[in-house]
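First comes the structure, then the notes that go with it.
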Amino acid sequence: MRSGIVKLTSSLGQAGVDQIALTGQIAGLTAELTKLESRRRLAEADAAAIPFPGKPMIDQLRQAVGELETAVARATAVNDLISKITAAIEAWKA
């Protein structure tokens, strides 16, 4: 009596060979899926370990951004004023 792969390939011919090939591919894909699931679980654990800043920290960051925007606006106004003064001096020299 023949067994396993020999029986399948001899009785089914190419269809048996194709079935064996598909079985091998499925096994390979299953192993790959297992690896990917393990990586996903590890990534989720890593992400969960990252501390999220609380509301007080977010409020402080918003305040700092507001102060920075104000400082940039003032610096822009000073730069514009300097440009106007420079242009006036150049016009006066001419």
Side-chain angles (χ1 to χ4, degrees):
M1 214 187 244
R2 295 180 181 178
S3 65
I5 295 173
V6 175
K7 183 177 180 181
L8 188 59
T9 55
S10 65
S11 64
L12 297 177
Q14 186 60 40
V17 171
D18 292 344
Q19 184 176 355
I20 292 168
L22 288 173
T23 302
Q25 289 176 355
I26 290 170
L29 290 172
T30 302
E32 188 64 28
L33 179 61
T34 302
K35 288 179 193 175
L36 291 173
E37 287 174 341
S38 175
R39 288 182 184 170
R40 178 188 52 84
R41 284 190 298 274
L42 182 60
E44 287 174 349
D46 287 348
I50 297 172
F52 183 76
K55 185 173 177 356
M57 176 62 81
I58 292 172
D59 290 342
Q60 288 176 350
L61 290 171
R62 285 184 177 143
Q63 182 179 351
V65 167
E67 292 171 2
L68 182 59
E69 288 173 342
T70 300
V72 168
R74 287 181 183 162
T76 302
V78 168
N79 189 46
D80 290 346
L81 181 60
I82 291 171
S83 295
K84 289 177 184 176
I85 291 171
T86 302
I89 291 171
E90 292 299 321
W92 178 70
K93 283 183 178 178

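Residues M57 and V65 do not share a hydrophobic cluster, defined by chaining ILVMFWY side chains whose heavy atoms lie under 4.5 Å apart.
The distance from the CZ atom of R41 to the CG atom of L36 is 10.5 Å, given to the nearest 0.5 Å. Rounding to the nearest 0.5 Å places CG of L61 at 12.0 Å from CG of L68. Within the model, atoms CD1 of I85 and CG of D80 stand 11.0 Å from one another, a figure rounded to the nearest 0.5 Å.
Residues satisfying the salt bridge (charged side-chain N to carboxylate O under 4.0 Å, His left out) test with K55, not counting sequence neighbours, are D59. With sequence neighbours left out, E44 forms a salt bridge (charged side-chain N to carboxylate O under 4.0 Å, His left out) with R40.
Between the side chain of S38 and the backbone N or O of T34 there is no donor-acceptor pair closer than 3.5 Å.
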